J.: 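This structure is in structure tokens; I'll ask about it shortly.
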4 protein chains.
Amino acid sequence: MSATNGAATRSPRDPEARRRALVRAAAELILESGDLTHRQVAARAKVPLGSTTYYFSSLGDLRAAALEQLADEINDELAVIAQQVAEADGDPRVLAGLLHAYLSNTDQVRADAALYSNAAQDPALRHLALRWFDGFVQMASAWTDPVTAHNIGVYIDGVTLHATLADEPLDLTTLTRGLTALLRPRDEEA
Amino acid sequence: MSATNGAATRSPRDPEARRRALVRAAAELILESGDLTHRQVAARAKVPLGSTTYYFSSLGDLRAAALEQLADEINDELAVIAQQVAEADGDPRVLAGLLHAYLSNTDQVRADAALYSNAAQDPALRHLALRWFDGFVQMASAWTDPVTAHNIGVYIDGVTLHATLADEPLDLTTLTRGLTALLRPRDEEA
Amino acid sequence: MSATNGAATRSPRDPEARRRALVRAAAELILESGDLTHRQVAARAKVPLGSTTYYFSSLGDLRAAALEQLADEINDELAVIAQQVAEADGDPRVLAGLLHAYLSNTDQVRADAALYSNAAQDPALRHLALRWFDGFVQMASAWTDPVTAHNIGVYIDGVTLHATLADEPLDLTTLTRGLTALLRPRDEEA
Amino acid sequence: MSATNGAATRSPRDPEARRRALVRAAAELILESGDLTHRQVAARAKVPLGSTTYYFSSLGDLRAAALEQLADEINDELAVIAQQVAEADGDPRVLAGLLHAYLSNTDQVRADAALYSNAAQDPALRHLALRWFDGFVQMASAWTDPVTAHNIGVYIDGVTLHATLADEPLDLTTLTRGLTALLRPRDEEA
DNA sequence: TATGAATGAGTCTTCATTCAT
DNA sequence: GATGAATGAAGACTCATTCAT
């Protein structure tokens with residue numbers, strides 16, 4: 001008489017699936033409205049209200065988990081980009097193109113904005129917003145020096161921030177010029 | 001519906017001062033905690049609760065006024081920097097130094113963070129976070145081309161964002177290198 | 001240098017005009033929304049907020065004055081009808097026609113509804129809702145006996161109430177039949 | 001935003017009973033004062049303030065539920081009357097007597113008044129005030145024609161309204177005469 | 001283990017009324 | 001006489017969190 005659930009079914013007896021559903025729902029709500037309440041999350045995840053506090057001892061925990069998930073996704077996305085840039089041996093035009101495409105994706109930009117915004121208001125979340133940066137600097141060391149890697153990272157942060165504030169991301173030409181300049185070897189220096 | 005007013009003494013009759021006090025209190029609270037409630041503002045400004053809604057028809061209005069004030073202050077600060085850079089004919093080392101000093105000021109950084117954060121969550125506030133950018137690009141056109149001006153602006157946004165997330169701002173050396181690279185004239189292009 | 005206001009201008013120095021403007025504004029608001037606040041009345045009447053309490057010592061007074069005005073207007077309207085019926089020597093078809101026309105006027109019905117509604121909630125206002133009734137009974141005594149007059153009045157109240165609750169007033173045929181029946185002389189009785 | 005809950009004892013676990021208690025309390029308050037606030041209802045029903053919004057998502061919902069209950073009770077009462085009249089084969093004297101008794105009950109009249117009053121101010125509630133009417137017309141079709149049924153219904157509405165406005169209901173004689181007239185068969189017609 | 005009923009602290013907001021000017 | 005600033009009481013409503021079941 002008991003249902004034999006396929007693994008895909010999110011059944012009441014699959015704690016991990018519930019947890020994931022809650023995190024996913026919370027992440028979606030953060031992206032959509034920025035607000036987060038137990039009730040909203042429960043409704044979105046189609047899970048009883050009590051589950052939200054059963055699986056996460058406070059709403060802050062749930063928010064942190066959701067943001068961590070967003071940070072992971074962002075990280076993955078940027079890792080792919082960094083990988084492709086590495087394959088192009090650090091060609092700034094390749095980076096510019098990939099970055100422009102990335103920033104043309106509204107959802108991505110919203111995720112970045114949510115991360116920045118929450119991190120700015122809660123120091124405990126700041127490491128999440130920096131995660132991609134550290135990863136990027138490391139990966140970039142394959143094709144440039146650390147200082148330049150930091151500067152490129154900072155520039156990318158700036159471009160991303162800009163995309164969250166302006167209606168459109170920085171145009172490809174400007175982007176290409178900026179990255180090219182940052183990557184060009186210094187001839188000599190004073 | 002009722003109003004049994006004890007004949008308490010009324011406060012000074014200086015509407016403008018009250019308004020300013022409210023905005024100032026709200027700005028401080030935004031910097032300190034990010035949260036904003038009528039009660040907190042009233043307590044901080046030492047005015048009765050009712051005053052907060054008498055002067056600002058909604059909490060959103062009050063927040064907007066406070067953020068506008070912060071944006072103005074940031075704007076002024078950056079205008080001074082831009083002015084000094086203009087006097088140095090766009091010397092990136094000068095800009096780097098001033099920027100580094102600016103970002104070493106915790107309060108400034110917090111103000112920037114608050115602005116970004118609020119703007120990210122409320123589109124109606126985004127123009128405030130972009131205000132300094134537009135002003136900067138305009139002023140920078142005195143000593144560089146528009147594309148470079150945009151790139152410097154974006155880079156500054158990135159550095160600022162970084163300062164709000166990391167414990168310390170980008171070090172002066174890296175900053176100088178980045179700005180120098182962005183400002184160096186392009187030799188030739190493909 | 002002082003403006004010589006024509007009598008038509010509602011100038012600050014015409015207390016009676018102000019009073020009337022306030023009452024009129026209040027009546028309009030009662031008809032439109034049922035709610036009444038000092039601020040709304042002042043804004044509608046284009047009069048300073050302070051005037052509302054200067055001319056009426058409480059909001060209840062102002063509401064009462066507004067309802068009295070509505071009651072007067074209703075009274076006038078119905079007096080005209082009663083007059084015409086009297087001229088037709090109490091012909092129920094005439095009364096039915098006039099009544100139907102009266103109840104087809106949305107504003108009239110709203111005024112009646114406001115009066116009933118306020119009277120039901122505040123006994124001090126009940127006499128206003130009965131004012132037309134007393135007048136009607138008196139006028140009707142010209143063409144019918146008192147008992148019938150009362151019954152007609154009650155019936156009219158019912159029809160009016162019905163108009164305030166239903167989407168459309170009672171149809172003319174039904175109305176005519178009802179009034180005719182009520183007015184028909186009793187043949188004999190048990 | 002916070003919730004330092006003293007570990008007070010929770011109340012009985014009987015949702016339905018709570019719901020009923022709230023509706024009952026709200027109905028009583030409507031009858032007594034016409035005003036309705038969460039606080040008043042909670043106090044009257046002896047439940048915590050939070051319960052009022054837990055069970056009814058808005059005060060309007062609660063008011064509607066209370067009025068629906070009143071409408072039901074009125075309906076029941078009038079159905080009994082209609083039933084008795086039907087048994088008397090539509091004898092107007094029977095109807096008059098029952099109606100007079102009904103309207104001599106202050107509570108009944110107050111319930112009617114509350115229903116009319118609220119319906120007049122909120123169109124969404126109008127169907128409640130019309131409920132008895134529709135039921136009455138239907139039941140009356142057993143002993144009279146539809147037009148007459150409507151007219152009797154309207155007349156009853158008028159008498160009821162009158163009772164809510166005047167100190168005393170219409171006297172039995174007048175009532176009997178009115179109903180008799182409305183029910184008397186028409187001899188001939190034009 | 002899981003859940004939904006329960007609740008009180010706290011939120012924004014409205015507003016009649018008062019009164020200094 | 002007029003007026004608009006002032007204010008506190010109160011309103012509807014939200015919600016994290018607790019806990020009996």
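Treat the numbers as computed from the prediction; the structure is a model and nothing was measured. Throughout, a chain's letter reflects where its sequence line sits, starting with A, and its residues are numbered from 1.
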J.: Over how many whole Å does the gap from L29(C) atom CG to dC15(E) atom C1' extend?
T.: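 After rounding, the reported distance stands at 15 Å.
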J.: Under 4.0 Å: is that the gap between some side-chain N or O of R18(C) and OP1 or OP2 of dT3(F)?
T.: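 For R18(C), the contact criterion (side-chain N or O under 4.0 Å from OP1 or OP2 of dT3(F)) is met.
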J.: From the list dT14(E), dT17(E), dT17(F), which nucleotide is the closest neighbour of the side chain of S58(C)?
T.: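 Nearest to the side-chain atoms of S58(C), counting from C-beta on, is dT17(E).
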J.: Whether R39(C) contacts dT14(E) is assessed here as follows: a side-chain N or O lying under 4.0 Å from the phosphate OP1 or OP2. Is that the case?
T.: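 Indeed not, no polar side-chain atom of R39(C) lies that close.
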J.: If you check the P48(B) side chain, which of dT7(F), dC12(E), dC13(F) turns out closest?
T.: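 Looking only at side-chain atoms, P48(B) lies closest to dT7(F).
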J.: Inspect the contact between R110(C) and E73(C) and indicate whether a charged nitrogen and a carboxylate oxygen are less than 4.0 angstrom apart.
T.: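 The answer is no: the pair does not qualify as a salt bridge.
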J.: Looking at Y55(C), I'd like to know whether one of its side-chain N or O atoms comes within less than 4.0 Å of OP1 or OP2 on dA2(F).
T.: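 Affirmative; the distance criterion is met.
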J.: Judged by each residue's nearest nucleotide on DNA chain F, which is more toward the 5′ side, G50(C) or S57(D)?
T.: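 So the residue in question is G50(C).
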J.: Quick one: label L36(C) by what it contacts on the DNA or RNA (base, sugar-phosphate, nothing), any heavy atom closer than 4.0 Å.
T.: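 Answer is sugar-phosphate: L36(C) comes under 4.0 Å of backbone atoms only.
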J.: L59(B) side chain: which of dG4(E), dT17(E), dC12(E) is closest?
T.: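 Nearest to the side chain of L59(B) among the choices is dC12(E).
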J.: Using atom CG of L62(D) as one end and atom P of dC13(F) as the other, report the distance to the nearest whole Å.
T.: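 Whole-Å distance recorded here is 10 Å.
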J.: What is the distance, to the nearest angstrom, from the CZ atom on F56(A) to the C1' atom on dT17(F)?
T.: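 Between C1' of dT17(F) and CZ of F56(A): 16 Å.
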J.: Once rounded to the nearest 0.5 Å, what's the spacing between atom CG of L36(C) and atom CD of E28(C)?
T.: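 If we round to the nearest 0.5 Å, L36(C):CG and E28(C):CD are 11.5 Å apart.
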J.: Using only side-chain N and O atoms of S51(B), determine if any of them is under 4.0 Å from OP1 or OP2 of dT7(F).
T.: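 Yes, S51(B) has a side-chain N/O under 4.0 Å of OP1/OP2 on dT7(F).
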J.: Of the listed nucleotides (dG4(F), dC13(F), dG4(E)), which one gets closest to any side-chain atom of L49(D)?
T.: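 The listed nucleotide nearest to L49(D)'s side chain is dC13(F).
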J.: Would a 4.5 Å heavy-atom cut-off, applied to side chains only, mark T164(B) and Y116(A) as touching?
T.: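 In short, these two side chains do not touch, never coming nearer than 4.5 Å.
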J.: Would you kindly give the OH-to-P distance between Y54(B) and dC19(E), to the nearest whole Å?
T.: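 Distance check: Y54(B) OH to dC19(E) P gives 16 Å.
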J.: May I have the distance from R19(A) (atom CZ) to dT1(E) (atom P), rounded to whole angstrom?
T.: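 Rounding to the nearest Å, CZ of R19(A) and P of dT1(E) are 14 Å apart.
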J.: Just checking, R19(A) and Y54(A): is the charged tip under 6.0 Å from the six-membered ring centre and within 45° of the axis?
T.: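 Negative - R19(A) is either too far from the ring of Y54(A) or too far off its axis.
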J.: Take atom CD of Q40(C) and atom C1' of dA16(E), then tell me their distance rounded to the nearest Å.
T.: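 Nearest whole value for this atom pair: 13 Å.
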J.: With rounding to the nearest 0.5 Å, note down the distance linking CG in L70(B) to CD1 in I30(B).
T.: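 Spacing of CG (L70(B)) from CD1 (I30(B)) equals 6.0 Å.
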J.: T37(B) or D35(C): which one's nearest nucleotide on DNA chain E is closer to the 5' end?
T.: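 By nearest-heavy-atom nucleotide position, the 5'-most residue is T37(B).
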J.: Measure the spacing between CG of D14(D) and CZ of R20(D) and express it to the nearest 0.5 Å.
T.: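 The CZ atom of R20(D) is 6.5 Å from CG of D14(D), to the nearest 0.5 Å.
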J.: Out of dT17(E), dA5(F), dT14(F), which nucleotide sits closest to the side chain of T53(C)?
T.: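 Between dT17(E), dA5(F), dT14(F), the one nearest the side chain of T53(C) would be dT17(E).
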J.: State whether H38(C) places a side-chain N or O below 4.0 Å from either non-bridging phosphate oxygen (OP1 or OP2) of dC15(E).
T.: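 So the side chain of H38(C) is outside the cut-off, no N or O lying under 4.0 Å from OP1 or OP2 of dC15(E).
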J.: Under 3.5 Å for both donor-acceptor distances, Watson-Crick or wobble: does dA20(F) have a partner, and if so which one?
T.: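 WC or wobble partner is dT3(E).
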J.: Starting at CG of D14(A) and ending at P of dA2(E), how long is that distance when rounded to a whole Å?
T.: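 My rounded result for the distance is 10 Å.
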